[in-house]
Amino acid sequence: MFGTCDGAFAEFVRTPQDRLAPIPQNLTFEQAAALPTSGTTALMALRDAGKVRPGQQVLVIGAGGGVGTFAVQLAKAFGAEVTGVCSTSKVELVRSIGADHVVDYTVEDFTDGELRYDLIVDTAGNRSLSHLRRALTPRGTFVIVGGEEGGRWLAGMDRQLRMVLLGPFTRRWPLVVFAFPKPELVETLAEQGKITPVVDKTFPLSEVSEAVRELARGHARGKLVITV
């Protein structure tokens with residue numbers, strides 16, 4: 001079984017049965033551990049907030065990260081044409097998980113307005129809203145995933161607050177998604193045989209602090225997993 005609980009950095013945890021689902025046969029224990037939180041966040045961003053449909057042009061910013069690697073695969077499973085944005089070191093990874101097009105943001109500016117997308121899912125938080133609007137179609141949808149770094153007074157919620165304030169004045173109302181895993185979403189992910197979690201590294205429980213530091217450095221390719 002795999003699923004979610006409160007406080008998973010432990011040898012033993014307790015969680016309600018309805019927050020668990022059978023581990024898909026094609027996944028290892030480490031891959032299953034990486035799936036619930038980031039996977040359900042990506043699913044909520046694409047299906048629930050973004051209303052993704054077959055044939056749409058979808059842009060995933062931060063496509064080589066924890067949520068981004070799931071977003072790329074899920075968007076493809078929903079029938080979209082997917083462009084992943086990532087750093088040079090993650091280009092081959094993003095291409096290998098099914099992205100139709102990959103943009104290396106250190107070389108190309110994907111907000112120059114030359115290409116436009118029906119849905120943009122931003123998991124990185126490094127671009128201004130004004131720049132990102134240039135990459136949207138007239139009726140496109142922009143989804144920000146979670147909180148972000150920085151913001152002394154707003155604790156990383158700066159862009160989200162601006163989105164709320166500007167929303168009534170724009171046809172392209174941005175949306176925000178936070179990670180609140182739901183049992184039914186975990187089951188949906190378990191049934192998605194096409195989704196393969198990308199595990200960059202595993203750390204023993206005794207090295208949790210190092211794993212958190214590695215995550216904070218922002219160089220992880222996919223997910224980091226704690227093993228017991």
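When a residue number appears, it is its place in the shown sequence, counting from 1.
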Can you find a pair of side-chain heavy atoms, one from [X] and one from [Y], that are under 4.5 Å apart?
X    : Y    : answer
L132 : T111 : yes
V94  : R221 : no
L35  : L27  : yes

Starting from the C-alpha separation in whole Å, work towards a yes-or-no answer on side chain to side chain contact (heavy atoms under 4.5 Å, CB included) for F78 and R53. CA-CA 7 Å; F78 284 124; R53 298 187 302 276; over 6 Å; no

Walk me through it: do T196 and Q31 pass the test side chain to side chain contact (heavy atoms under 4.5 Å, CB included)? CA-CA 7 Å; T196 302; Q31 288 173 322; 3.6 Å; yes

Find out if a path of hydrophobic residues (ILVMFWY) with successive side-chain heavy-atom gaps under 4.5 Å connects [X] to [Y].
X    : Y    : result
V225 : L205 : no
F29  : F70  : yes
Y105 : Y117 : yes
L74  : V199 : no
V208 : V13  : no

After noting the C-alpha distance and the side-chain angles of D100 and K76, does the key distance pass the salt bridge (charged side-chain N to carboxylate O under 4.0 Å, His left out) rule? CA-CA 9 Å; D100 298 289; K76 286 297 296 180; 3.0 Å; yes

Has the side chain of D118 got a donor or acceptor atom that lies under 3.5 Å from a matching backbone atom of Q57? yes

CA sep, side-chain torsions, deciding dist, call: L93, V91, side chain to side chain contact (heavy atoms under 4.5 Å, CB included): CA-CA 5 Å; L93 166 65; V91 167; over 6 Å; no

Verify whether one side chain among T202 and T227 offers a donor that lies under 3.5 Å from an acceptor in the other. no

For the residue pair R116 / T137, report whether a side-chain donor-acceptor contact shorter than 3.5 Å exists.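 No, no side-chain donor-acceptor contact under 3.5 Å.
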
Does E214 form a salt bridge (charged side-chain N to carboxylate O under 4.0 Å, His left out) with K223? I'd like the steps, not just the answer. CA-CA 11 Å; E214 177 77 7; K223 297 292 293 181; over 6 Å; no

V145 and side-chain contact (heavy atoms from CB on, under 4.5 Å): which single residue from V121, I61, D122 fits? V121

Carefully, step by step, assess I97 and V198 under the rule side chain to side chain contact (heavy atoms under 4.5 Å, CB included). CA-CA 9 Å; I97 58 176; V198 177; 3.9 Å; yes

Does CZ belonging to R217 count more than 12 external heavy atoms closer than 6.0 Å? yes

At what distance, to the nearest 0.5 angstrom, does CG of L119 lie from CZ of R139? 16.0 Å

